Amino acid sequence: MNATTMAERVRRGEIAATALAEESLRAIRARNEELNVFLHVDEDGALATAARVDDAVARGEDPGRLAGVPIALKDNLCQVGIPTTCSSRILEGWRPPYSATVVERLLDAGAVPMGKTNLDEFAMGSSTETSAFGPTRNPLDPSRVPGGSSGGSAAAVAAAMTPLALGSDTGGSIRQPAALCGIVGVKPTYGLVSRYGLIAFASSLDQIGPFATDVADAALLLEVIAGHDPMDSTSLPEPAPSLVAHLGDGVAGRRIGLVRELLDGADEAIVASVRRAASVLEAAGATVVELSIPELHLGLSAYYLIAPAEASSNLARYDGVRYGLRINDEDVTAMNEATRTAGFGAEVKRRIMLGTYALSAGYYDAYYGQALKVRTQMRDAFRRAYRDVDMLLGATTPSVAFTFGSKTNDPMAMYLSDVFTIPTNLAGEAALSVPFGRGEADLPTGVQLLGPGRSEARLLAAAKVLEDAERG
Amino acid sequence: MALPEGWEMVVGLEVHTELRTATKMFCGCANVFGAEANTNVCPVCLGLPGSLPVLNERAVSMAMAIGMALHATIAPSTFHRKNYFYPDMPKDFQISQYDLPINSGGYLDLPDGSRVRIERAHLEEDTGKSTHLGVSGRIHGADRSLVDYNRSGVPLVEIVSGPDIRSAAQARLYASELRAVLIATGASDGRMEEGSMRIDANVSVRRSGEPFGTRCEIKNLNSLRSLHRAIEFEAQRQVKLIESGGVVRQETRHWDETVGATSTMRVKEEAEDYRYFREPDLVDLAPSAAWQQRVADALGPMPAERRAAVVALLGEVSDAQRDAIDVVIDLGLERFVHATHAAGGDVAVALARVANELAAAGDVSKLTEDAFVATVAMEAGGQLSATQAKTILADLLASGGEPRAVAAARGFEQLSADSLGGIVSALIDANPDEWSRFRDGDDKLAQFFIGLVMRETKGRANGKAVIAELHARR
Amino acid sequence: MSGLTRAEVAHVAKLARLRLSDEELDLFTVQLARILDHAADMQSLDLTGVVATAHPYDLINVVREDVVRPSLDRDAVLAAAPDAEDGCFAVPRIMGEES
Ligand SMILES: [Zn+2]
């Protein structure tokens with residue numbers, strides 16, 4: 001039963017939200033020790049929220065479009081009173097005094113947050129291996145990573161612990177784990193979903209988005225969380241777009257660009273999946289053209305200067321003064337240093353160092369300033385492409401889920417696993433990953449659909465075509 | 001104390017003024033002074049993880065009002081992060097404006113006729129406040145600091161002058177004129193003692209005609225007197241240093257008011273690398289022509305113009321009256337003086353009463369202009385003594401009403417001309433020496449007789465009426 | 001090559017308030033240099049005249065009304081603090097700067 005059906009049945013009084021919450025808790029208990037998906041399970045809170053939904057149904061009120069649907073939250077989203085760590089020692093034990101806008105919207109829609117999921121520390125990573133609380137294992141093959149940084153949220157859905165989850169995508173952190181776990185993941189247009197209450201990694205790139213087992217559920221969840229928020233200055237001014245209503249739009253008459261750079265270096269099986277997806281879309285009435293966007297090659301370089309630069313500033317506040325960890329020392333400067341040195345893991349330190357260097361006097365123009373110009377070129381290149389086609393098609397990742405430790409010793413190798421997803425974040429545009437085909441070890445492969453800003457409805461309709469073809 | 005012959009000081013001032021908005025710059029917490037520690041704080045101004053700033057519209061309007069008052073150009077602007085660690089600063093960066101400030105260019109004309117250029121006037125957020133708990137005699141590292149974030153995120157405008165100031169007196173005049181302008185725009189209360197206006201001074205010296213010397217920045221001068229003294233001291237220090245063969249080091253210095261000297265806080269090499277970059281959580285600011293027009297329409301005349309209007313009513317102005325006018329303009333109370341003039345009353349008396357009694361009262365909302373004008377007319381016409389007029393104004397300020405009724409209720413019966421004449425005659429008889437000196441032309445003795453009459457009448461007599469009686473007998 | 005030196009890495013660590021061991025300093029010098037070298041493809045581009053993009057979208061004048069909203073409860077705020085005293089956040093002594 002998918003989330004859409006669950007909510008419909010809860011609203012009709014056919015199943016109890018509490019029963020769904022208990023079932024979710026059972027599924028979490030069954031595999032959480034093995035997979036390390038949830039860092040915190042809010043059993044009492046979930047049951048209380050579900051009971052409120054059931055009460056509303058009993059009173060004849062509409063509890064909302066996600067009535068009684070259990071959902072997992074990436075542990076960089078604030079929920080009042082619930083421990084929020086970003087998988088970092090530096091925030092261990094912190095309970096936010098406020099909730100993220102997306103969490104408020106979920107609760108308003110009757111969803112039932114089950115707890116907080118594991119991630120790479122401060123979302124810096126592509127495998128959850130940088131989490132201070134141990135990696136998450138891929139439910140499809142526990143010897144492999146679930147991807148990252150939103151690996152816990154992807155695994156929660158893939159392991160059927162919750163039908164829905166929220167993640168955040170700064171350079172691919174939703175799409176890559178969705179591909180590696182065989183589920184749907186959407187990176188919305190920058191500004192479509194409020195970032196208020198999302199603990200920042202790189203503010204100009206971060207965007208919250210949905211994980212779901214199917215396209216319809218992803219559309220429904222995105223509709224619930226999207227739309228203008230006055231608490232986020234970068235929030236787009238319009239209300240949430242209509243997505244569910246357009247799921248059946250198909251691709252007839254659409255022009256779709258198959259991008260060579262989004263296949264470069266990918267496993268053969270993944271390239272085969274993407275090419276097969278192109279034929280499915282053509283069979284459904286789309287015109288697929290092969291094209292090249294050479295600027296995409298520069299994405300990785302620009303990203304690994306811009307994101308760390310913003311992160312170095314965003315993470316300065318973890319200084320031991322107001323919340324979280326403090327390691328005392330003789331004066332406040334020494335205390336700051338001791339706290340940050342003990343509280344941050346190696347990858348976070350590496351990126352803070354890189355970002356601090358890129359912004360420092362004498363290097364700004366050569367690195368950060370240049371990266372911002374490349375970003376402009378990236379955006380312009382996408383815009384040129386979208387004058388010609390309605391959307392782009394490519395691989396989400398170069399490989400299927402990889403084994404633990406295979407990339408941890410070489411930061412650059414790990415960074416390269418985001419090479420296909422990063423350009424969308426730099427351009428602030430929309431993209432999603434839909435499971436399509438199988439690769440090495442019979443693991444799922446993800447196909448990526450990319451579109452201009454505010455093109456989510458179009459991308460989801462195309463993804464639905466692929467999903468329908470795959471499910472027969 | 002002037003600099004030695006052939007030397008000149010070059011001074012530029014950076015003035016930070018807190019804006020009188022209801023809320024902080026980027027959140028809805030109240031912007032008030034003196035609240036209990038950490039009671040006006042929220043996720044945004046505490047820099048909690050996940051919080052985001054949203055710009056206060058009125059802060060922008062006030063910044064533009066300041067820009068307009070300083071004849072600056074208002075242009076599209078951006079916000080940057082200035083990155084450095086400091087416990088007062090909850091995000092460990094300050095949101096400020098950098099290469100594109102909201103106001104650039106402009107000038108301020110000073111009462112002495114000089115003009116000081118304004119380089120920029122930009123928006124930024126204030127920091128919190130820390131209190132050092134020094135415990136003497138305790139082991140190294142035992143003492144602590146306490147941090148209060150109520151002030152964190154309060155909107156500031158930083159006004160940077162050109163290096164156009166050439167004396168400590170001129171610096172003081174600039175600061176006081178700027179303060180008057182800021183108050184007149186409604187953007188600031190100008191309360192230096194509460195820290196709502198704070199000044200940093202960049203001071204260098206040079207031999208006349210030579211290029212600018214190396215400058216030192218004196219931080220956080222919080223009174224006009226400190227500003228004057230600190231600049232004077234610093235310029236003298238630099239001249240002495242150079243004349244004795246030394247070299248001025250570029251550094252930040254601290255002014256110690258009790259010692260009366262500046263001392264090194266940190267030298268340039270230790271200066272932070274602030275790693276400025278665009279604040280990604282805020283969008284560009286490009287106030288529309290309509291928005292700018294609304295601000296311009298709401299902006300009243302500036303102090304220089306308003307002072308001139310009062311001076312025009314008086315003709316000749318004494319130094320004391322000049323000070324009185326400054327007070328009246330600062331408080332925006334000149335309407336009482338203008339009303340008096342319009343009614344044909346005594347403007348000098350009105351000015352004195354506004355600058356003293358009204359200024360001291362703080363709240364003048366209960367006093368109508370008509371009641372004020374009538375009170376001044378009664379004093380100037382001799383129906384009330386100065387003391388009685390002050391008492392009546394105090395009553396009117398406290399509870400409103402009409403001066404004749406208040407005078408009657410207070411029992412301020414007019415001394416009849418007859419009884420005053422009798423008292424004056426009796427006092428002349430009792431003080432023959434003083435009287436003869438007055439008769440011989442020593443006008444100062446008038447004051448002596450007025451004092452006696454006042455004592456005799458318990459302040460009920462009118463000074464002018466007494467002088468008239470004295471002259472009638474001379 | 002970026003020519004990143006160990007001394008520069010040490011300076012950056014100081015700016016970022018991180019203490020690095022000798023081994024970490026060596027490792028970071030090598031790793032950061034590799035990442036910066038990868039960025040060299042970008043530096044060889046002639047991008048004069050290209051405008052920098054700091055924001056994905058061209059929104060302007062996003063402001064809020066100057067209306068007071070409730071602040072947080074002080075006890076709750078200070079309960080999260082590693083150390084508090086007298087209604088304030090307490091920290092070890094602050095060196096150098098004005099306070
Ligand atoms: Zn606040």
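What you are looking at is a predicted structure, and each value in this text was computed from that prediction instead of being measured. Just so we're on the same page: letters track the sequence lines, and every chain starts at 1.
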> In terms of heavy-atom proximity below 4.5 Å to chain C, should Ala371(A) be classed as side chain, backbone, both, or neither?
Replying inline: both

>> I'd like to know if the side chain of Tyr190(A) pairs up with that of Arg195(A) as donor and acceptor (distance under 3.5 Å, no hydrogens or angles considered).
In response: yes

>> Heavy-atom pairs under 4.5 Å with chain A: which of Leu15(C), Asp41(C), Asp73(C) has the most?
In response: Asp41(C)

>> Quick check on Arg64(C) against chain A: is it the side chain, the backbone, both or neither that has a heavy atom closer than 4.5 Å?
In response: neither

>> Determine whether a donor-acceptor pair (N or O, by modelled atom type, separation under 3.5 Å) exists between the side chain of Ser301(A) and the backbone of Gly299(A).
In response: no

> Quick one: does Arg95(A)'s side chain have a donor or acceptor within less than 3.5 Å of a partner on Gly81(A)'s backbone?
Replying inline: yes

>> Between the side chains of Glu238(A) and Arg454(A), is the shortest nitrogen-to-carboxylate-oxygen separation below 4.0 Å, so that they form an ion pair?
In response: yes

> Where on Ser235(A) is there a heavy atom nearer than 4.5 Å to chain C: the side chain, the backbone, both, or neither?
Replying inline: backbone

>> Is it the case that the side chain of Ser99(A) and the backbone of Val80(A) share a donor-acceptor pair, with hydrogens and angles ignored and the cut-off at 3.5 Å?
In response: yes

> Measuring heavy-atom distances to chain A, does Asn61(C) have an atom under 4.5 Å in its side chain, in its backbone, in both, or in neither?
Replying inline: neither

> Between Phe122(A) and Phe344(A), how do the two ring planes meet: parallel, tilted or perpendicular, split at 30° and 60°?
Replying inline: perpendicular

> Can you tell which of Asp331(A), Leu305(A), Leu236(A) has the highest number of heavy-atom pairs within less than 4.5 Å of chain C?
Replying inline: Asp331(A)

> Looking at Tyr304(A) versus Tyr367(A), is the centre-to-centre ring distance below 6.0 Å?
Replying inline: no

> Which bit of Asp319(A) is near chain C, if near means a heavy-atom gap under 4.5 Å: side chain, backbone, both or neither?
Replying inline: neither

> So which of Ala338(A), Ser203(A), Gly191(A) has the largest heavy-atom pair count under 4.5 angstrom toward chain C?
Replying inline: Ala338(A)

> Side chain, backbone, both or neither: which part of Asp410(A) has a non-hydrogen atom closer than 4.5 Å to chain C?
Replying inline: side chain

> In terms of heavy-atom proximity below 4.5 Å to chain A, should Ala90(C) be classed as side chain, backbone, both, or neither?
Replying inline: backbone

>> Test side chain to side chain donor-acceptor pair (under 3.5 Å) on Ser168(A) and Asp206(A); report intermediate values, then the result.
In response: CA-CA 7 Å; Ser168(A) 64; Asp206(A) 296 340; over 6 Å; no

> Under a 4.5 Å heavy-atom cut-off, does chain A meet the side chain of Leu72(C), its backbone, both or neither?
Replying inline: side chain

> Any side-chain donor-acceptor pair under 3.5 Å between Glu121(A) and Ser88(A)?
Replying inline: yes

> For the side chain of Arg340(A) and the backbone of Leu315(A), is there at least one donor-acceptor N/O pair under 3.5 Å apart?
Replying inline: yes

>> Need one label for Ala16(C): side chain, backbone, both or neither, based on atoms under 4.5 Å from any heavy atom in chain A.
In response: both

> Does the side chain of Arg350(A) come under 3.5 Å of the side chain of Gln31(C) through a donor N or O and an acceptor N or O?
Replying inline: yes

> Do you know which of Ser233(A), Ser204(A), Gly369(A), Ala358(A) has the most heavy-atom pairs under 4.5 Å to chain C?
Replying inline: Ser233(A)

> Of all heavy-atom pairs between Thr170(A) and Leu205(A), which one has the smallest distance, and what is that distance?
Replying inline: O-CB, 3.5 Å

>> Please classify the contact of Ser312(A) with chain C as side chain, backbone, both or neither, using a heavy-atom distance under 4.5 Å.
In response: neither

> Leu354(A) versus chain C, heavy atoms under 4.5 Å apart: side chain, backbone, both or neither?
Replying inline: both

> If you count heavy-atom pairs under 4.5 Å between each of Val321(A), Asn328(A), Thr339(A), Ile352(A) and chain C, which one has the most?
Replying inline: Val321(A)

>> Has Ser417(A) got a side-chain atom pairing as donor or acceptor with Ala413(A)'s backbone, closer than 3.5 angstrom?
In response: no

> Using non-hydrogen atoms only, which part of Pro411(A) is less than 4.5 Å away from chain C: side chain, backbone, both, or neither?
Replying inline: side chain

> Measuring heavy-atom distances to chain C, does Ala302(A) have an atom under 4.5 Å in its side chain, in its backbone, in both, or in neither?
Replying inline: both

>> So does Phe201(A) get a backbone contact from the side chain of Asn314(A), meaning a donor-acceptor N/O pair under 3.5 Å?
In response: yes

>> So that I can tick it off, tell me whether Arg375(A) and Asp380(A) are bridged by a salt bridge, with the cut-off set at under 4.0 angstrom between side-chain N and carboxylate O.
In response: no

>> Between Tyr415(A) and chain C, with a heavy-atom cut-off of 4.5 Å, which part of the residue counts as in contact: side chain, backbone, both or neither?
In response: side chain

> Is it the backbone or the side chain of Leu47(C) that comes under 4.5 Å from a heavy atom of chain A, or both, or neither?
Replying inline: both

>> Which atoms of Val9(C) are under 4.5 Å from chain A, going by heavy atoms: the side chain, the backbone, both sets, or neither?
In response: both

> Checking Leu20(C) against chain A: side chain, backbone, both or neither under 4.5 Å from a heavy atom?
Replying inline: side chain

>> Quick check on Ala316(A) against chain C: is it the side chain, the backbone, both or neither that has a heavy atom closer than 4.5 Å?
In response: neither

> Thr189(A), Leu426(A), Thr341(A): which one forms the most heavy-atom pairs within less than 4.5 Å of chain C?
Replying inline: Thr341(A)

>> Counting heavy-atom pairs under 4.5 Å with chain C, which one of Arg379(A), Glu310(A), Gln377(A), Gln370(A) comes out on top?
In response: Gln370(A)

